[in-house]
Each structure stands twice: as structure tokens, then as C-alpha cells.
Protein chains: 4
Amino acid sequence: MDRSGAGRSGAGSGRSGPGRPRSERARLAILDAAADLLIEGGLAAATMEAIAARAGVSKVTIYKWWPSRGAVAVDAYFHRYRPEMGMFDSGDLARDLTAQITLMVDAFRGRAGAIMAELIGAAQTDAALADQLRALWIQPRRDAGTILIQGAIDRGELRPDVDIQVALDQLFGPLYFRLLVRHLPLDDPMPAALVRAFLDGAR
Amino acid sequence: MDRSGAGRSGAGSGRSGPGRPRSERARLAILDAAADLLIEGGLAAATMEAIAARAGVSKVTIYKWWPSRGAVAVDAYFHRYRPEMGMFDSGDLARDLTAQITLMVDAFRGRAGAIMAELIGAAQTDAALADQLRALWIQPRRDAGTILIQGAIDRGELRPDVDIQVALDQLFGPLYFRLLVRHLPLDDPMPAALVRAFLDGAR
Amino acid sequence: MDRSGAGRSGAGSGRSGPGRPRSERARLAILDAAADLLIEGGLAAATMEAIAARAGVSKVTIYKWWPSRGAVAVDAYFHRYRPEMGMFDSGDLARDLTAQITLMVDAFRGRAGAIMAELIGAAQTDAALADQLRALWIQPRRDAGTILIQGAIDRGELRPDVDIQVALDQLFGPLYFRLLVRHLPLDDPMPAALVRAFLDGAR
Amino acid sequence: MDRSGAGRSGAGSGRSGPGRPRSERARLAILDAAADLLIEGGLAAATMEAIAARAGVSKVTIYKWWPSRGAVAVDAYFHRYRPEMGMFDSGDLARDLTAQITLMVDAFRGRAGAIMAELIGAAQTDAALADQLRALWIQPRRDAGTILIQGAIDRGELRPDVDIQVALDQLFGPLYFRLLVRHLPLDDPMPAALVRAFLDGAR
DNA sequence: AAGTAATCGAGACGGTACGTCCGGTCTTCCT
DNA sequence: AGGAAGACCGGACGTACCGTCTCGATTACTT
């Protein structure tokens with residue numbers, strides 16, 4: 001989970017105490033190795049042993065900073081992809097939502113989508129991974145979505161009694177559903193169809 | 001995946017051929033053992049070795065009939081739960097949908113939901129499991145949902161241009177989303193809120 | 001161990017009792033299959049399963065007639081090789097012994113020797129194999145050797161107080177020793193050297 | 001095959017390199033467990049699993065240091081028996097040889113002999129075992145025997161043209177022959193008879 | 001400058017499960 | 001009664017990772 005951020009953020013001065021400081025070189029080597037393995041062979045290939053070997057690092061060093069291999073994997077994923085989330089806020093909700101959803105559909109269709117599916121899959125049995133995933137991936141997107149929808153409500157584009165959480169679930173849930181269950185593909189017309197149904201209802 | 005069903009159901013004649021017939025006793029023992037383990041310790045506890053030991057069966061016998069432990073797990077899950085799907089068709093779509101979704105929310109909140117989450121998780125790296133899951137769980141529910149919505153369209157309760165697949169994704173996708181990502185709980189108001197938003201839209 | 005011999009030897013009339021008689025076809029197929037496997041991959045390749053599959057025979061049929069796979073192997077070995085033992089009795093003991101030993105050295109140097117080594121090896125943990133091996137291979141050779149030496153004693157070529165059993169062990173034991181332990185090769189000068197040493201002693 | 005000995009004996013300096021050093025505790029536990037199993041149930045009982053379980057050691061640790069279970073078995077055998085070879089060199093060759101052979105006959109008649117037979121048997125399909133066996137058991141004895149005979153030649157007790165290798169095979173080969181083929185027992189008169197025949201010849 | 005403390009690499013270790021192979025045994029149908 | 005087919009239990013195989021544990025070697029801060 002890479003606790004380095006929080007531990008060091010304090011005081012800016014870089015209070016560090018005695019002892020050898022953490023090797024930044026090792027940290028990056030680990031993340032790069034893990035990302036490479038993830039891309040080449042999916043989560044299954046990113047074993048602790050393989051990561052350590054490829055990074056030229058001892059397994060203990062990894063365990064020192066991450067609690068599970070899933071945790072390394074998420075960090076590596078975002079270290080590599082550092083995903084553009086795209087803040088769309090043109091004032092036209094339909095357009096912004098469609099753009100946002102299209103972006104995600106595109107991402108989910110590629111290699112990154114396959115890996116994301118594996119990560120969510122592994123999160124079912126790896127709490128650390130799940131936490132990290134929510135913090136780094138889910139939450140930012142929900143926050144952005146909340147702002148978008150709240151804005152539309154404020155502008156009077158949407159009814160004021162809209163349940164924002166449910167709205168987000170109905171807009172984005174289907175993407176994860178299709179990604180994870182694969183009953184249907186994530187195809188091109190989907191984003192527009194989702195937005196249209198969300199805005200106008202079925203009645 | 002238990003290939004036995006189809007092969008024998010045909011024609012009632014009981015075509016069997018030479019050789020010792022498959023042991024029904026072993027089949028049931030395996031499914032029961034797997035179901036027990038699944039309930040007690042989740043998918044992680046349902047290892048091939050544990051299942052075999054508990055069922056008093058050799059590992060080869062399991063491998064003979066199921067390609068992966070995930071496949072055994074799904075079969076065991078449905079062997080044990082044989083889930084009531086509830087055909088609601090009162091003619092009032094809102095009521096029927098709410099009932100249907102409430103049923104699933106209730107299921108997802110219990111032990112069965114935790115196991116289902118693990119199964120979908122494991123399905124990300126186990127194609128056999130994924131297939132089985134779609135066939136036994138997803139597809140029947142989508143079929144039922146399709147009938148419900150098509151009926152409402154036919155009755156004029158819904159607009160005729162509703163995209164049924166997207167509609168189902170928006171109604172049920174959020175449940176899987178919350179089950180798997182756990183960003184929010186599957187709470188009591190959710191079913192009604194989903195149905196209302198689906199019918200009336202947000203605008 | 002192939003108990004068929006005794007059962008059939010009687011009277012030609014073929015008293016056989018009720019039921020289907022033993023299939024000679026199966027017996028030969030088993031021996032041929034086992035011999036082939038033995039030659040291709042050594043004793044390790046001649047598993048019951050492999051023999052049965054290759055012979056187009058069920059495993060039970062093999063177990064019915066042979067107590068262990070080692071037993072099948074010896075029978076197959078002699079079924080295939082039906083080894084020429086060569087009765088040398090020219091009246092010149094040195095010549096006869098040398099011929100006899102040379103014959104065995106030649107046999108031990110080829111594929112048959114490798115298999116023989118494996119058979120003796122397996123006989124250490126397979127009593128049926130050991131019995132069969134002594135009966136079919138060792139004993140005939142010891143009998144022939146006994147006659148040879150006894151004849152020489154009778155003719156006055158050897159001292160009358162020679163211990164024939166020890167003599168045979170000293171003449172042939174070294175061959176098995178080198179075959180099994182491989183500390184030295186079974187080379188060309190060996191037969192003559194053995195015979196000379198045996199006759200004249202070292203003093 | 002326990003590669004530890006040679007690697008460390010050199011230079012006394014105790015070169016060790018990085019990493020956790022090999023556990024001497026584990027090494028001894030393995031050898032003791034294997035020896036116990038060997039004695040209790042023969043080579044068949046000394047499976048990798050049984051050795052590991054009894055030694056409280058993981059299987060990988062065994063595979064790390066020994067290439068096959070046969071290799072562990074030989075090492076365990078000699079770890080336990082550390083066989084007295086008895087350097088007899090009284091100047092009377094007949095006496096020395098007889099003593100030497102008697103010693104080996106006695107050994108071959110006990111539990112150790114049964115195990116040795118199984119080891120030689122297994123060596124037919126386990127090259128590592130065979131190598132180890134020659135190095136630890138056969139070679140020392142042949143070296144000792146060579147010295148004995150060479151000494152006798154030097155003293156004029158034996159003809160100078162005696163082929164020492166053949167002589168050793170004729171003296172000791174019969175013991176292995178009877179041990180492995182069991183056509184005759186290793187009885188009390190055998191040592192003297194062998195020596196006498198070797199010295200005086202049969203003519 | 002010496003001492004203290006944390007990290008790092010290497011790699012051995014106990015453990016759990018994997019998926020496979022064979023050995024023997026059994027059950028059923030066919031001949 | 002054979003015999004072919006083939007399912008079954010049991011036991012061992014050799015391998016893969018896991019997470020933990022020594023080691024010796026670095027690399028900073030502290031006194």
C-alpha cells in the first residue's frame with residue numbers, strides 16, 4: 001500500500017529519524033516490475049517472487065511497504081497508468097456525462113480494463129487491495145460525478161430530489177457489471193444509451 | 001462443471017455404455033462438501049484437497065468432472081441454494097421490479113452474497129467458472145427481467161423504444177457494483193430508488 | 001506370472017470348465033505390448049496402464065494372470081528374447097566357459113542388458129518378479145554351468161573338491177556385479193581373464 | 001546428494017556468502033528421519049513425503065539439497081551406519097581377505113544388507129543414487145582391496161600378472177550376486193571358500 | 001569518530017495447495 | 001465365466017508461491 005506518502009508528508013522538512021532511509025530506487029523498481037508483469041501476464045503473473053526477482057529486490061523489502069501482492073498491484077497500476085479522469089464541465093450535463101462514460105468504456109475495453117477486472121476480482125479476498133482501489137480509482141470518479149450532477153441540479157437541469165448516489169450507480173454500475181460479468185460487450189452505443197435512459201426514464 | 005446432466009437426460013432410455021457408471025454418491029458428496037466449505041470459510045477454504053478430503057473422494061474424481069475448483073464451487077453453490085427467483089408478474093411493473101430487486105438485495109446481504117462476490121471475483125481468472133455463473137445465475141435473471149419489461153412495453157407502460165439490455169443493466173448493475181466494490185451498502189431504500197429513477201428519469 | 005502353461009498342458013482335449021475360455025489373443029497382446037514398452041522406455045515405461053492401453057486390454061485382465069507389473073515384464077522379456085543359452089560342451093572346459101561367458105557379456109552390453117539390470121533391480125521389491133527371474137533366467141544357466149563343471153571334474157580337468165556353487169558365483173557373479181554397479185565396463189578381455197583366473201588361481 | 005560437505009570444507013575460512021545459511025538442524029533431521037524410515041520399512045517407506053513429515057521439514061528443503069529420494073536414502077544410510085570397513089593388513093593375504101569378506105557377509109545378512117540390496121536395486125533407475133553409492137560404498141572397498149592385493153603381489157605372495165580388477169570382482173562380486181539374486185544364501189563357509197578358490201584356482 | 005538504528009540483497013525455510021500419475025479395486029455391460 | 005471399458009480411492013510425485021527467518025552489508029542520523 002506504500003505508506004511512504006503519509007509518513008513523509010508531515011512537516012515538509014523531511015523529518016526522518018535515524019537509520020538508513022527508504023530506498024527510492026527500490027520503490028520505483030518494484031512498481032515498474034509489477035506494472036510490467038501485470039501488463040504481460042495479468043495479476044496471476046505478478047507474484048511476489050516474480051516482482052522481487054524482476055525488480056532486483058528482496059521479497060522482504062516488498063512486504064515491508066505493502067501488505068499484500070494485490071496492494072502492490074494497484075499501486076503499480078496507477079503508477080503506470082496515472083489515468084486521465086478528464087474533468088468535463090461544459091454546462092451541458094448530457095454531453096459531460098457521455099464524455100465521461102465514453103472515456104471509461106474506452107479504458108475498460110483495453111488491457112487496462114482486463115487488469116482492472118482482475119484487480120476488482122482479487123479485491124474480493126484482499127481488503128488492502130479493496131481499500132486502495134476505492135481510494136485511488138472509485139472515489140475520485142464518484143467525487144467528480146457528484147460535482148457534475150450537483151451542478152446540474154443547481155442549474156435546474158435535473159430535478160432537485162435526485163438521489164445522487166443511486167444516479168451514479170445507475171450511470172457507472174452497468175460498466176462494471178459488463179466488465180466483470182461479460183454478459184454483454186462494452187460497445188459504442190452504450191454511453192449515450194445510458195445517459196439518455198438516465199435523463200428521461202423509461203416511462 | 002458437472003457434465004453429467006445433459007448427457008443422461010436425453011431420451012430417458014438411460015444410455016450408459018460399458019464401464020462402471022459414474023457414482024452419484026460421489027457427485028453429491030463433492031457438492032455437499034464444497035457447499036459446506038464455501039459457507040464455512042468462503043472460496044478460499046474450498047480447495048480441491050479440502051473438498052476431496054471432506055467428501056471422502058479422490059482428487060482425480062473431482063478433476064474428472066469439473067475443470068477447476070471454481071467450477072465445483074458454482075455447482076455446489078447452486079446445488080445448495082437452488083435460489084428462488086420469484087416470478088413476479090402482477091401487471092404493475094414498478095411493483096414487480098421492486099419485488100425482484102428487493103429479493104436480490106436480500107440475497108446479496110447475507111452469506112450467499114459474500115460467496116457470490118467471491119465467485120464473481122474468481123470468475124475473472126477462471127473462464128469455466130464465469131461461463132457457469134452466467135448460465136446458472138445471470139442468464140435466468142436476465143431472461144425473467146426481459147419478459148417483465150417487454151410485457152410492460154406491450155402493455156404501454158413503457159416507451160416502445162426502451163433498450164431492454166441497458167435497462168436491465170441500469171436496474172441490476174448497481175447491485176453488483178455495490179456488492180463488489182462496497183463503496184456503499186446495499187440498503188433498504190435502494191430497490192425503490194432504483195425503480196423510481198429508472199421509470200421517471202432524472203430530468 | 002502367466003499360469004496358463006499348466007492349465008492347458010493336459011490331454012489336448014481341452015477340458016476347460018464352464019465359461020468363456022481365456023483369450024490367447026489377449027495374452028499375446030499383453031506380452032507384446034509389455035515387451036515393446038520395455039524396449040522403448042525401460043521398466044519405468046511398462047506401467048500397467050500403458051501395457052493395458054497398448055494391448056487393447058483391460059487392466060483387470062492383466063491382474064488376473066500376473067500378480068505384478070514386474071511379473072508381466074519378465075514374461076514379456078523372455079517372450080520377446082527367448083534367449084539362446086548355447087550349450088557348449090566341446091570337452092575343453094576353458095573354451096566352453098569362455099564361450100558361455102562371452103555370450104552373456106554380449107547380451108549384457110545391449111538393450112537386453114539394460115532391461116535385465118532393471119529387472120533385477122525391481123526384483124528387490126517384487127518377490128514374484130524375483131521368483132520368475134530365478135526360474136527363467138538364473139536357474140537354467142546355473143544348471144548348464146553345473147553340468148559343464150561337473151563334466152570337467154569327472155574328466156579330471158578340475159580338482160574333485162571344487163565347490164561348484166562357489167565356482168559358478170565366481171565365474172558369473174562378476175558379470176552381474178559390473179552390470180548392476182557399473183564400477184567397470186563389461187569389456188572384451190573380461191571373459192578370458194575370468195576363466196583363466198578361475199582355473200589357475202592367483203598364487 | 002547433500003552438496004554441503006565439499007563446498008564448505010575448503011580452506012577452513014568458512015566462506016558463507018549472503019543469505020540465510022543452510023540449516024544444519026534440518027539436514028540432520030532429514031538424514032535421521034530417512035534412516036529411521038529406511039530401517040522400519042525399507043526404501044519403499046522412505047518417501048519424500050514421509051521423510052519431510054517425520055523430519056518436520058518441508059519437501060522443498062529436501063529437493064533443494066538432494067536430487068532424488070534415492071540420494072537422500074544413501075546419505076541417510078551412511079549417516080546412520082558409518083560402516084566400519086576394517087583395514088586388515090596382517091601380511092597374510094588369505095587371512096586378511098577372509099576377514100574382509102566375512103565382515104561384508106555379516107553386514108549383508110542383516111537389516112543393512114536388505115537395505116543395501118534395495119539401494120542397488122533402485123540405483124538401476126536413479127543415476128544420482130548410483131553415483132553416490134559407488135562413491136561412498138563401492139570405491140572405498142575397492143581401494144582397500146587393491147592395496148591388499150597389490151601388497152601381496154609386491155611381497156611375492158601372488159603372481160605379478162594378476163588382474164587386480166578381475167580379482168576383486170571374483171572375490172566380492174559373488175557376495176552382491178547372492179545378495180541381489182538370492183539363488184543361494186550368504187552362508188558361513190562362503191568367505192573361506194571364495195578366498196581358497198581365488199588363491200589356488202580350480203585346476 | 002564511534003555508536004546506533006533502520007534498510008537492503010540474498011536466500012533458506014516450513015507450509016499449503018496444486019495438478020498429475022499409477023496402482024489396485026470396483027462395477028456394469030457384452031460376448 | 002471371461003473380458004473390455006472405465007470410474008473410483010489412495011498415495012506419492014515434483015512444483016509454485018506464500019510469508020517468515022536469518023545473514024552480512026549499507027547508510028544514514030546521534031552522541
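Since the structure is predicted, the reported quantities are computational estimates derived from the model, not experimental observations. Chain letters run A, B, ... following the sequence lines, proteins first and then strands; every chain starts at 1.
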Worksheet item: Does the E:dC13 base have a donor-acceptor partner in the side chain of D:R20 within less than 3.5 Å?
Response: no
Item to complete: State, with a plain yes or no, whether a side-chain heavy atom of C:L43 is found less than 4.5 Å away from one of D:T125.
Response: no
Worksheet item: If you pin B:E49 and B:A55 to their nearest nucleotides in DNA chain F, which one's is more 5'?
Response: B:A55
Fill in: Nucleotide E:dC8, atom C1' - distance to OH of A:Y63 in whole Å
17 Å
Fill in: Presence of donor-acceptor pair under 3.5 Å, side chain of B:K59 and base of F:dG10
no
Discussion item. Less than 4.0 angstrom from a charged side-chain N to a carboxylate O is my criterion; do B:R54 and B:D32 meet it?
Written reply: no
Practice prompt. Measure the distance from CD on A:E24 to C1' on F:dA28 and round it to the nearest whole Å.
Written response: 16 Å
Worksheet entry | Interatomic distance, A:I62 CD1 vs F:dC18 P [rounded to whole Å] | 9 Å
Item to complete: Counting heavy atoms from C-beta on, name the nucleotide in E:dT20, F:dG19, E:dC13 closest to the side chain of A:M48.
Response: F:dG19
Fill in: Spacing between B:L28 atom CG and F:dC8 atom P, to the nearest angstrom
12 Å
Worksheet item: Quick one: C:D126 CG to E:dG24 C1', roughly how many Å, whole number?
Response: 14 Å
Discussion item. Counting only side-chain heavy atoms from C-beta out, which of F:dG6, E:dC13, E:dG24 sits nearest to D:W65?
Written reply: E:dC13
Worksheet entry | side-chain N/O D:R25 vs E:dG14 OP1/OP2, d < 4.0 Å | yes
Fill in: Residue B:T61, side-chain atoms from C-beta onward, closest of E:dG23, F:dC8, E:dG11
F:dC8
Worksheet, complete the sentence: Sorted by position of nearest nucleotide on DNA chain E, 5' first, the leading residue of A:V57 and B:R69 is A:V57
Practice prompt. Can you tell me the distance, in whole Å, between the CZ atom of D:R22 and the P atom of E:dG14?
Written response: 11 Å
Practice prompt. Please report, rounded to the nearest Å, how far the P atom of E:dG24 is from the CH2 atom of C:W66.
Written response: 15 Å
Worksheet entry | Side chain proximity check, A:I39 to A:R80, heavy atoms < 4.5 angstrom | yes
Worksheet item: Could you walk me through whether A:W66 and A:I30 pass the side-chain contact (heavy atoms from CB on, under 4.5 Å) check?
Response: CA-CA 11 Å; A:W66 289 273; A:I30 290 167; 3.8 Å; yes
Worksheet item: Given that A:S58 and C:A44 both sit by DNA chain E, which one's nearest nucleotide is further toward the 5' end?
Response: A:S58
Practice prompt. Figure out the CD1/C1' separation between C:I51 and F:dA4, and round it to whole Å.
Written response: 17 Å
Worksheet item: Tell me, do B:M116 and B:L133 make a side-chain contact under 4.5 Å, heavy atoms counted?
Response: yes
Fill in: DNA chain F: 5'-proximal contact among D:T47 and A:V60 (nearest heavy atom)
D:T47
